[in-house]
Protein chains: 4
Amino acid sequence: MSTTPLHPSKAADTATFDRVESQVRSYCRSFPRKFGRAENATIFDVDGRAHIDFLAGCSSLNYGHNDPDMRAALVDYITEGGIAHGLDMHTDAKERFLATFEEKILKPRGMDYRLMFTGPTGANAVEAALKLARKVTGRHKTVAFTHGFHGVTMGALASTANSYHRGGASSELAGVDRAPYDGYFGDGIDAADMLAQMLDDPSSGFDKPAAILVEPVQGEGGLNVASAEWMRKLEAIARKHGALLIVDDIQAGCGRTGTFFSFEEMGISPDIVTLAKSLSGMGLPFAMVMIKPEHDIFGPAEHNGTFRGNNHAFVTARVAIEKFWSDDAFQKEVQAKGDHLAARLETIADAHGFSTKGRGMMRGIDAGDGETAGKVCRACFEEGLIIETSGAHDEVVKVLCPLTIPRAQLDAGLDIVERAFAAVCGKGEARDAAE
Amino acid sequence: MSTTPLHPSKAADTATFDRVESQVRSYCRSFPRKFGRAENATIFDVDGRAHIDFLAGCSSLNYGHNDPDMRAALVDYITEGGIAHGLDMHTDAKERFLATFEEKILKPRGMDYRLMFTGPTGANAVEAALKLARKVTGRHKTVAFTHGFHGVTMGALASTANSYHRGGASSELAGVDRAPYDGYFGDGIDAADMLAQMLDDPSSGFDKPAAILVEPVQGEGGLNVASAEWMRKLEAIARKHGALLIVDDIQAGCGRTGTFFSFEEMGISPDIVTLAKSLSGMGLPFAMVMIKPEHDIFGPAEHNGTFRGNNHAFVTARVAIEKFWSDDAFQKEVQAKGDHLAARLETIADAHGFSTKGRGMMRGIDAGDGETAGKVCRACFEEGLIIETSGAHDEVVKVLCPLTIPRAQLDAGLDIVERAFAAVCGKGEARDAAE
Amino acid sequence: MSTTPLHPSKAADTATFDRVESQVRSYCRSFPRKFGRAENATIFDVDGRAHIDFLAGCSSLNYGHNDPDMRAALVDYITEGGIAHGLDMHTDAKERFLATFEEKILKPRGMDYRLMFTGPTGANAVEAALKLARKVTGRHKTVAFTHGFHGVTMGALASTANSYHRGGASSELAGVDRAPYDGYFGDGIDAADMLAQMLDDPSSGFDKPAAILVEPVQGEGGLNVASAEWMRKLEAIARKHGALLIVDDIQAGCGRTGTFFSFEEMGISPDIVTLAKSLSGMGLPFAMVMIKPEHDIFGPAEHNGTFRGNNHAFVTARVAIEKFWSDDAFQKEVQAKGDHLAARLETIADAHGFSTKGRGMMRGIDAGDGETAGKVCRACFEEGLIIETSGAHDEVVKVLCPLTIPRAQLDAGLDIVERAFAAVCGKGEARDAAE
Amino acid sequence: MSTTPLHPSKAADTATFDRVESQVRSYCRSFPRKFGRAENATIFDVDGRAHIDFLAGCSSLNYGHNDPDMRAALVDYITEGGIAHGLDMHTDAKERFLATFEEKILKPRGMDYRLMFTGPTGANAVEAALKLARKVTGRHKTVAFTHGFHGVTMGALASTANSYHRGGASSELAGVDRAPYDGYFGDGIDAADMLAQMLDDPSSGFDKPAAILVEPVQGEGGLNVASAEWMRKLEAIARKHGALLIVDDIQAGCGRTGTFFSFEEMGISPDIVTLAKSLSGMGLPFAMVMIKPEHDIFGPAEHNGTFRGNNHAFVTARVAIEKFWSDDAFQKEVQAKGDHLAARLETIADAHGFSTKGRGMMRGIDAGDGETAGKVCRACFEEGLIIETSGAHDEVVKVLCPLTIPRAQLDAGLDIVERAFAAVCGKGEARDAAE
């Protein structure tokens with residue numbers, strides 16, 4: 001790529017957006033281009049310029065943009081007049097998805113869950129999961145964690161930790177007792193033991209919870225990683241106190257960490273799992289709640305929604321599973337790519353005295369503060385790389401590229417990241433610059 | 001059609017659904033077939049049998065299943081590699097939708113709104129609208145109405161009146177003062193005057209609301225119709241007390257009542273309008289909040305969501321508007337069809353001493369009780385008609401067919417309804433039977 | 001009395017109050033004197049001037065200030081070293097009160113209740129009653145009424161209708177569905193039938209309540225009077241829907257309406273009754289919840305409080321009951337006095353085109369607006385009468401004198417009221433003046 | 001005292017209580033006698049038997065039962081016809097209290113507060129404090145602590161940690177973020193630093209609080225003692241984040257810890273202080289909120305209550321302050337007595353391998369578990385000593401005797417405690433027995 005800026009921000013004509021769209025729009029501010037086509041890890045703007053996508057729809061595009069097999073299957077489905085909207089009626093597309101998910105995902109992992117299709121957003125899946133946990137237990141409180149992100153509808157938002165999003169409620173958010181995530185208080189302090197103490201103590205002020213709601217990796221919260229041991233402790237705490245363990249695998253699931261579920265090698269068995277984002281495989285709106293059979297007690301339509309069960313998504317989601325999860329080839333490839341990503345990020349971080357965070361293909365560099373991380377991302381975008389920050393202070397430069405990104409393009413993107421850090425932080429003087 | 005049942009319930013093999021899908025599934029219980037293809041008002045099951053669709057995705061398919069133009073545009077878009085998932089970045093597909101909506105919908109109606117793309121469910125749009133109204137006003141309570149339905153996520157559910165859905169929260173639903181809908185207490189009593197009295201009275205116990213949230217026609221609530229005068233009173237009450245008027249046009253909008261917005265001939269100017277269901281035109285998940293410019297005060301991503309701005313839906317929604325709303329031909333056709341529907345339902349209802357309800361192409365027969373209405377719907381399904389009930393007691397047999405249904409098919413469907421009422425209620429003896 | 005103002009406001013030295021007491025103080029603003037002694041219906045300021053008391057501690061002094069028998073008994077008790085503070089231990093004073101209340105109040109009325117001594121405020125009794133009703137029913141919502149007043153602690157305040165007091169919470173007040181009080185929507189509309197319709201309707205948005213909480217006469221709300229028929233309807237509604245009927249008799253009880261309980265001739269049997277204010281007889285802090293035996297299910301100290309069971313109050317409350325409720329003489333006297341009061345108020349009201357409100361010795365004149373009523377009260381105070389307003393707009397001039405007030409003093413006070421109305425409203429020109 | 005049980009539980013005739021009083025009664029179950037008179041630290045049952053009072057109305061009787069000077073003043077006041085109930089009007093009794101409190105308590109300590117008289121319960125004072133803090137800050141959340149006890153009305157109860165009392169709400173308790181009290185997580189962990197981290201972190205899930213509500217010593221929570229350093233940290237956190245610091249000194253105040261306020265030697269300046277319990281001096285219901293002048297922003301009667309400003313209590317409270325707080329003699333006596341108490345409890349605890357807790361005259365022995373502590377208290381009562389447990393598991397035997405208890409009687413009581421521990425735990429074998 002040329003070193004002259006390929007993507008001057010003035011180029012895009014955004015008058016229509018400025019005139020008609022709400023101020024709530026956000027990513028378009030970081031990436032002020034007008035985009036048209038996309039293929040795997042490349043997004044093209046309407047002027048034909050290619051951008052490497054290290055954001056991937058916030059992990060909604062684990063298999064890249066417009067996977068050819070999914071695209072072909074979806075085009076065939078539409079062309080044949082397949083039902084697009086069928087409420088929650090039985091459809092052929094749904095049946096094939098159910099059978100495939102059972103066969104390729106659940107059975108090989110020895111998992112037994114019922115699948116609930118909620119409104120096609122992660123937040124809706126979280127809302128359903130929380131409602132169900134309260135119905136199962138007859139309790140109303142949930143334990144959620146520092147830096148957790150679970151969506152911004154009122155039920156989910158009460159569990160979300162971020163104050164900017166919480167403030168958007170302009171109302172009291174109730175029903176959650178907040179506990180520290182793994183490592184929150186530093187190395188010497190076991191956050192799970194703290195939660196255990198609070199729940200064992202009848203006078204701690206923590207109520208017996210309906211559920212403990214946790215992300216094995218906190219994507220929005222800054223790529224914080226929970227250890228398997230910590231997750232097992234959470235499970236034990238939940239069991240001891242009659243609470244359900246809900247794993248929110250919306251961002252970390254669907255292969256992002258190297259296995260289909262981010263928790264599957266942790267030796268835990270969640271009562272409820274939420275999935276969305278990459279579940280459809282092609283970025284179509286789709287969400288699902290996995291429920292242990294004994295907890296599958298919602299009455300018909302007790303939680304409902306017009307778009308529950310998106311048939312287009314059933315088609316692409318089935319193809320995604322058949323294509324990528326029929327054997328362990330993809331999983332091994334992702335793990336290897338994740339190791340490579342880790343190594344390269346370590347090198348970049350070390351050069352500036354920063355540290356890396358994350359797991360699998362969900363990794364980033366903690367740049368110390370949001371200003372630095374923001375400058376790095378802007379510098380990347382000038383070179384044609386779409387990349388974002390996360391964390392409480394937006395201090396983590398986060399790589400969430402498609403898992404299917406070609407190795408060369410991954411390296412090209414990381415080269416841009418490396419140059420951007422150097423440009424922003426100087427050579428090995430980052431710490432000083434940041435302080 | 002033959003009078004022998006075309007659709008014996010035993011025919012469908014639902015073993016996969018029974019084994020893998022959650023018990024929460026609902027419509028599949030009323031229509032125990034396995035469906036595959038669909039075209040306009042006809043749904044085909046996998047055995048090739050045709051069903052007339054008088055449910056239309058609960059008004060999500062106002063333009064029928066798989067409109068050929070939308071389908072073609074979507075296939076083209078996918079084939080060309082158009083971006084499916086772009087978060088809320090600027091995309092070509094979004095820009096074209098914005099421009100079209102502005103040109104064909106807003107301008108001709110003299111409306112000035114900013115469009116906010118929320119998570120692609122009606123509930124999410126309602127959540128965003130309520131949060132915004134609270135932010136604008138600095139208040140936390142909302143007025144919502146008897147028989148209102150606004151979704152089942154916690155913020156929306158607090159406004160939803162139905163006790164079955166409310167019970168699903170297994171938690172306290174706060175923040176709503178409940179007012180009677182137009183006509184709720186019978187003819188002599190003006191429900192808007194009651195609300196006015198409550199809000200004028202500093203000791204009524206009703207708090208000054210952030211918003212008054214209302215559906216001009218209550219679809220789920222039993223096809224209750226608000227008069228224009230009543231809606232104008234609500235607007236005046238909202239203005240007087242500094243509350244925003246939020247019109248939830250999710251089910252009644254997009255042409256269902258004969259005009260694009262159900263309220264556009266009422267002489268009101270809502271502060272916020274929510275749209276979803278038929279907005280995408282083809283049944284794809286899509287939702288939008290229309291906001292008066294002066295209230296467009298959310299910060300970037302203050303309300304967010306991974307699937308906000310579904311690009312496939314931008315494509316089909318644009319085609320829907322261009323095709324059906326470029327002139328008044330479709331509107332007139334719908335109005336005429338609605339009159340025809342009204343007349344035929346009147347005849348059927350009269351024959352059994354029942355009454356009709358609704359407006360435009362959103363009409364039904366109040367069968368007095370849920371048992372009768374349920375029997376009628378089951379009898380209809382035996383003859384190949386998909387139709388559902390609504391109302392507090394599921395007592396209304398509700399016709400929500402595509403607005404694009406051919407006249408002959410509409411009549412064929414209504415013939416089935418007529419026969420079903422006769423079979424269930426006898427000839428003109430309904431009242432006796434029901435009592 | 002002289003016609004020259006006896007009580008110029010400048011006389012009292014309130015420097016200490018101004019310097020040390022909080023701005024929240026209130027009645028001292030209406031009656032800017034410094035008071036010292038009091039006897040029956042007369043309060044003396046420190047300068048020795050006598051004021052007639054038509055406020056009576058907001059009905060906390062039904063037997064007047066410093067009844068000689070209560071005073072003597074209390075002095076004896078203190079002198080003998082009787083326990084003042086005994087938590088909820090068994091004390092002699094409590095036992096004697098329990099036995100007397102059982103013998104003189106419960107038995108003659110055929111009532112069977114358990115007595116719970118809460119923290120010695122009416123609000124605390126209401127809080128306990130609501131908590132108990134939720135525990136008994138397993139539900140969380142309460143129905144409360146327009147213009148109801150039940151205290152300002154958070155649980156009670158949610159039921160209180162007044163917006164000024166509600167605003168003092170600076171927080172969301174949840175858990176209450178608000179229903180119109182008897183007559184709220186005017187003569188033609190039966191407010192109880194409305195509530196019945198809301199609760200019968202599974203889609204009204206009203207949740208099945210734990211309790212219906214009602215004052216038979218709304219003292220703070222403006223002397224609104226519920227009819228016996230309406231109260232019986234409420235009881236029937238409560239029974240039908242499995243809710244408890246809680247009668248808040250804090251202001252209207254203890255003889256204020258002419259019988260010990262304000263509801264005892266209504267043919268109802270509340271599940272819970274709250275009492276406070278005049279229960280101690282002498283104005284000492286004291287509150288009680290009466291509970292039907294089958295609902296007496298709080299565990300030991302599940303609702304507690306340091307000052308539950310004020311032993312000084314047990315002593316005076318016992319004397320009050322023995323002295324005034326051993327036979328029906330006092331009751332008859334109060335009823336006769338109430339009739340007299342009613343007649344005189346009618347005359348005054350009629351002279352100015354106003355109407356009267358209330359029941360028994362809890363009556364007033366609706367002066368149309370708060371400004372007029374306030375002027376009347378200020379004019380009264382200039383003549384040595386302590387009297388206050390109530391109602392949503394402070395529009396009711398309220399007579400709450402001791403039930404024991406001598407007839408001549410009652411008339412003297414009413415003469416002042418009459419003159420004040422004449423002075424403020426002119427002679428029979430009130431309506432014009434108010435408009 | 002004799003070793004034969006002086007107080008067989010069968011002796012008291014409790015039939016009236018059993019028949020008429022609610023099951024919620026509690027302390028009478030631990031001390032099943034019927035009590036009549038009391039004097040300083042001695043309570044006499046109706047059969048004339050003397051009991052030493054180590055409970056003192058849960059610290060409501062710091063100056064003992066029926067102090068002769070208070071008693072005399074109160075009898076005089078009543079005899080002279082002093083106003084008992086005056087709402088919040090200016091009374092002579094109130095003025096004298098205000099002036100005395102200002103002169104003897106505030107001025108010598110360099111404190112500037114406005115005094116608000118709430119409903120006469122500690123819970124009511126806490127409710128008022130929380131409402132005020134929300135009004136001042138415009139925020140709705142409060143930080144409260146593990147093992148905190150602040151009362152059981154809904155607003156206060158949300159802050160109370162004890163699950164038994166919280167359960168009594170039978171409803172969701174919202175508005176509180178729970179933080180660990182000083183020492184909660186053990187020696188190495190600074191609980192204030194944790195809170196600081198949570199509030200500094202915009203994505204912790206803790207909302208910016210209106211107030212931090214804390215007891216310097218947690219009486220009900222198990223005699224947990226906060227260090228001055230920790231309290232200063234809390235104050236600094238509150239200041240940094242714009243929250244008010246509310247010190248709940250209801251149980252620990254009024255001299256219990258050796259100074260009038262429990263925090264006065266800590267170098268902090270709370271925004272709000274709540275007092276109740278021993279404030280009246282004689283156990284009369286009385287509560288007060290001290291407010292920094294700049295926060296004194298409640299409107300007139302915005303928080304109100306019929307019994308705010310108990311005039312009998314004004315009289316006795318004034319005498320208490322004049323008598324005990326005019327110089328430092330009492331304070332020194334209490335401190336010396338507290339040291340003695342500490343030493344004797346250490347000896348007893350050491351003998352059984354237990355530890356002591358508390359501060360000043362608010363101390364106890366942690367008996368390891370509730371069963372042991374309960375046995376000790378029952379054994380004490382058999383010997384004529386009234387003493388109770390506290391703590392999350394009722395595991396602390398708590399000495400809360402009057403501060404005025406004669407040294408000999410204190411020792412007599414402690415002898416009983418010592419014998420009871422020996423009887424229950426054996427000689428030095430406690431740890432084994434408890435395990």
Side-chain angles (χ1 to χ4, degrees), chain A residues 16-17 20-28 31 34-39 46 57 60 66 71 75 78 81 83-85 87-92 95 98-99 102 114-116 119-121 127 131 134-135 140 152-155 168 170-171 277 282-283 285 296 298 300-303 305-307, chain B residues 16-17 20-28 34-39 46 57-58 60 66 71 75 78 81 83-85 87-92 95 98-99 102 114-116 119-121 127 131 134-135 140 152-155 168 170-171 277 282-283 285 296 298 300-303 305-307:
Chain A
T16 301
F17 302 97
V20 192
E21 194 175 4
S22 161
Q23 292 299 328
V24 76
R25 64 193 187 277
S26 169
Y27 284 107
C28 57
F31 313 112
K34 194 156 62 191
F35 299 98
R37 291 184 306 110
E39 193 180 323
V46 293
S60 294
N66 287 318
R71 197 160 61 166
V75 166
I78 296 171
I83 289 173
H85 187 287
L87 293 164
D88 65 359
M89 293 195 286
H90 296 324
T91 63
D92 187 43
E95 184 178 46
L98 287 171
E102 183 186 34
R114 297 292 181 272
L115 308 187
M116 172 182 178
T121 68
E127 296 258 349
K131 287 164 65 175
R134 290 194 296 260
K135 181 166 186 179
H140 53 71
V152 300
T153 52
M154 292 298 285
S170 298
S171 187
K277 290 196 184 278
M282 206 178 121
D296 183 30
F298 266 139
E302 195 169 352
H303 182 92
T306 294
F307 296 118
Chain B
T16 301
F17 301 98
V20 191
E21 195 175 3
S22 161
Q23 292 299 326
V24 77
R25 65 194 187 277
S26 169
Y27 284 106
C28 59
K34 196 157 58 190
F35 299 98
R37 293 184 304 110
E39 192 180 322
V46 294
C58 293
S60 295
N66 287 318
R71 197 160 61 165
V75 165
I78 297 170
I83 288 174
H85 187 287
L87 294 164
D88 64 0
M89 292 194 286
H90 296 324
T91 63
D92 187 46
E95 183 178 48
L98 288 170
E102 183 186 35
R114 297 290 180 272
L115 309 186
M116 171 183 178
T121 68
E127 296 257 348
K131 286 164 67 175
R134 289 194 297 259
K135 181 166 186 179
H140 54 71
V152 300
T153 51
M154 292 298 284
S170 298
S171 189
K277 290 195 182 278
M282 207 179 121
D296 183 30
F298 266 140
E302 195 170 352
H303 182 92
T306 294
F307 297 118

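Order of the sequence lines sets the chain letters (A, B, ...), proteins ahead of strands, with each chain counted from 1.
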Legend entry - Any side-chain heavy-atom pair of Phe298(A) and Gln23(B) under 4.5 Å: no
Inset, instruction - Find the one option among Thr91(A), Ile83(A), Leu98(A) whose heavy-atom pairs under 4.5 Å with chain B are most numerous. - result: Ile83(A)
Inset, instruction - With a 4.5 Å cut-off on heavy-atom pairs, point out which of Gly119(B), Pro285(B), Gly36(B), Gly168(B) contacts chain A the most. - result: Pro285(B)
Legend entry - Contact class of Glu39(B) relative to chain A, heavy atoms under 4.5 angstrom: neither
Inset, instruction - Mind ranking Ser171(A), Pro300(A), Pro120(A) by heavy-atom pairs under 4.5 Å with chain B and telling me who comes out on top? - result: Pro300(A)
Inset, instruction - Output yes when a side-chain donor or acceptor of His85(A) lies under 3.5 Å from a complementary backbone atom of Lys277(B), and no otherwise. - result: no
Inset, instruction - Would you mind reporting whether Glu95(B) and His90(B) have side-chain heavy atoms less than 4.5 Å apart? - result: no
Legend entry - Option that, when pairs with chain A are counted at under 4.5 Å, heavy atom only, ranks first among Cys58(B), Gly155(B), Ser60(B), Ala84(B): Ser60(B)
Inset, instruction - Kindly compute the distance separating NZ (Lys131(A)) from NE2 (His303(A)), expressed to the nearest 0.5 Å. - result: 5.0 Å
Inset, instruction - Among Gly283(B), Gly305(B), Gly81(B), single out the residue with the greatest number of heavy-atom pairs under 4.5 Å to chain A. - result: Gly81(B)
Legend entry - Closest-packed option against chain B by number of heavy-atom pairs under 4.5 Å, given His140(A), Arg25(A), Met282(A), Arg71(A): Arg71(A)
Inset, instruction - Measure across Asp296(A) and Ser22(B) and return the closest heavy-atom pair with its distance rounded to 0.1 Å. - result: OD1-OG, 2.6 Å
Inset, instruction - Can you tell which part of Asp88(A) gets under 4.5 Å to a heavy atom of chain B, answering side chain, backbone, both or neither? - result: both
Inset, instruction - Could you tell me whether the side chain of Glu127(B) and the main chain of Met154(A) form a donor-acceptor pair under 3.5 Å? - result: yes
Legend entry - Atom group of Asp92(B) that falls short of 4.5 Å from chain A, counting heavy atoms: both
Legend entry - Proximal component of Thr153(A), with respect to chain B [non-hydrogen, under 4.5 Å]: both
Inset, instruction - Calculate, to the nearest 0.5 Å, the distance between atoms NZ and CE belonging to Lys34(B) and Met89(A) respectively. - result: 14.5 Å
Legend entry - Residue selection (most heavy-atom pairs with chain B, distance under 4.5 Å) from Val75(A), Leu115(A), Asn66(A): Leu115(A)
Legend entry - Heavy-atom contact with chain A under 4.5 Å, split by part of Thr121(B): both
Legend entry - Contacting moiety of Val46(B), where chain A heavy atoms sit under 4.5 Å: side chain
